[in-house]
Amino acid sequence: MSAESTSGPHIPESATDAAGRRGRGRRRKPPGTGRRALRVTAWTAAGIVVLGGTGVGYLYFKLNGNLRTVDINQALGSDRPTKVDNGSENILVLGSDTRSGANRKLGGGAGDGGARSDTAMIVHVYKGHKRADVVSIPRDTLVDRPSCTDAHGTTHDAATGVMFNSAYSTGGATCAVKTVEAVTGIRMDHYLEVDFSGFQKLVDELGGVTLTTTRAIDDPQSHLDLKAGRHTLDGEQALGLVRTRHGVGDGSDLGRIQLQQAFVKALINQVRQVGVFTSPKKLYDLADTATKTVTADSDLGSVNSLVDFADGLKSISASHMHMVTMPVEYDPTDPNRVVVAEAKAKQVWAALKNDRPIPASATKGTATGQAKGIVKS
């Protein structure tokens, strides 16, 4: 997915034209003799997987060379919200609908080869790292995008009333992070981005993800056809599920978010159950794919850093993850777009800043999709 990164300790971003303006539409394996064993720790949020692996010699450098990074701190400088030092962490997780490279063969999304943030989630990890809140940001939300400078040094003018996902397509990760920080007033401590084709391969290597659909889902655009019942989704089906918006509910992005959130919980459960340590080859294959799939901020730009980061999240199970959608209302001038419900959204951001649970009142009565309960883990 990453349209902006190359392997190594730092990579530039590539910017595409602005898009989307207002319109219609742990387990540990005991160490082996004379060397540290390969290890992999997995954790995910909104269909997003983070897997880290460490080893020695060639394997370490091979995995480390897979990683792509972007230096958010250098690009954004000091024009950012103040970092809150209360033991919590905020991570912006993005998925992209780029149609370049291997992703061109996948269903849905843009057909122009450009990259847009198809999935956006703020993951707030509470002090103690025992639980987390996840706030999904609808891609169709109309926002005021601040002026930002991408990793090439190109400055992009501010814009008003544009879709949220235009931030990424305009200036890549740095523009996306700056826009999220402008909307929320919260500093993002880390950035993670996941590639479509890598996500699909990773699900396959995990042996699929098991879940139940309470009704049929049929969306030719996402190459998805599921009957009601229990399924073990392969990578292509999983990708179709987290991307579909026409095969279930009201066809809105809000409904798709509900499916994504349900899938994430099923995926977390799957990762925690899979016995990858019984097969060194499977373990390495997972680590190899994962490090090719994830683009991270430079603070997480090494295998060891990713492993340490993931290790700190291993206690967060699906049952300790609370998922909501950023409070929004339908745009009165265009029902295909939503706008931030400012008063309620402020409750969400205040809770996260102060490392407190998001109150139920913050999301009560706001716009929602019609896909809740259709997918269960």
Side-chain angles (χ1 to χ4, degrees), residues 1-14 26 36-76 89 91-96 98 100-103 115 117 119 121 123 125 150-152 168 172-174 176-177 188-206 235 271 276 280-314:
M1 130 186 351
S2 176
E4 59 200 15
S5 47
T6 58
S7 61
H10 171 67
I11 57 168
E13 298 175 326
S14 65
R26 150 166 65 176
R36 293 177 61 193
L38 282 175
R39 33 178 207 153
V40 63
T41 303
W43 178 87
T44 178
I48 311 301
V49 179
V50 179
L51 285 166
T54 62
V56 295
Y58 168 78
L59 295 182
Y60 173 82
F61 289 107
K62 171 67 165 59
L63 296 177
N64 214 54
N66 289 341
L67 288 170
R68 300 178 179 186
T69 64
V70 55
D71 195 337
I72 299 293
N73 292 329
Q74 180 179 6
L76 296 186
E89 287 186 296
I91 305 106
L92 177 61
V93 182
L94 289 187
S96 165
T98 178
S100 61
N103 292 335
S117 52
T119 302
M121 297 179 175
V123 182
V125 181
D150 62 33
H152 289 303
Y168 181 88
T174 55
V177 171
M188 296 296 108
D189 299 297
H190 293 297
Y191 172 82
L192 292 172
E193 183 182 320
V194 178
D195 174 83
F196 269 3
S197 60
F199 171 85
Q200 176 174 325
K201 184 177 180 182
L202 198 54
V203 171
D204 285 334
E205 289 179 352
L206 283 169
V271 168
V276 299
K281 183 182 185 302
K282 184 173 184 179
L283 179 59
Y284 175 76
D285 287 346
L286 281 168
D288 187 42
T289 298
T291 49
K292 290 175 180 176
T293 298
V294 172
T295 297
D297 65 273
S298 56
D299 287 345
L300 296 178
S302 73
V303 170
N304 282 340
S305 295
L306 271 178
V307 168
D308 288 343
F309 175 73
D311 280 352
L313 304 175
K314 69 180 187 295

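Nearest heavy atoms, Thr291 versus Val303: CG2-CG2, 4.5 Å. Closest of all the heavy-atom pairs between Val70 and Ala173 is CG1-CB, 4.1 Å.
A distance of 3.5 Å separates OG1 in Thr289 from CD in Glu205, rounded to the nearest 0.5 Å. Put simply, CD on Glu193 and OG1 on Thr295 are 4.5 Å apart, with the number rounded to the nearest 0.5 Å. Taken from CD1 in Ile72 to CG in Leu92, the straight-line distance is 8.5 Å, to the nearest 0.5 Å.
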- Message: Apply side-chain contact (heavy atoms from CB on, under 4.5 Å) to residues Leu192 and Phe309 and explain how you reach the verdict.
- Response: CA-CA 12 Å; Leu192 292 172; Phe309 175 73; 4.1 Å; yes
- Message: Using side-chain contact (heavy atoms from CB on, under 4.5 Å), reason through Leu286 and Leu206 one step at a time and then give a plain yes or no.
- Response: CA-CA 8 Å; Leu286 281 168; Leu206 283 169; 4.0 Å; yes
- Tell me, with the steps shown, if Leu306 and Leu67 meet side-chain contact (heavy atoms from CB on, under 4.5 Å). CA-CA 10 Å; Leu306 271 178; Leu67 288 170; 3.4 Å; yes
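Using a 4.5 Å heavy-atom threshold, the side chains of His190 and Asp299 count as touching. Annotation: side chain of Val294 is not in contact with side chain of Phe199 (no heavy-atom distance under 4.5 Å). Residues Tyr191 and Ile91 have side chains not in contact (no heavy-atom distance under 4.5 Å, counting atoms from C-beta outward).
Here the side chain of Asn64 pairs no donor or acceptor atom with the backbone of Ser302 at under 3.5 angstrom. The backbone N or O of Gly301 sits nowhere less than 3.5 Å from a side-chain atom of Ser305 that would complete a donor-acceptor pair.
Applying the side-chain hydrogen bond (donor to acceptor under 3.5 Å, both in side chains) rule to Asp288 yields the partners Lys62, Asn66, Lys292; only residues at least two apart in sequence or on another chain are considered.
The only option from Asn73, Asp297, Asp150 that meets the side-chain contact (heavy atoms from CB on, under 4.5 Å) definition with Thr174 turns out to be Asp150.
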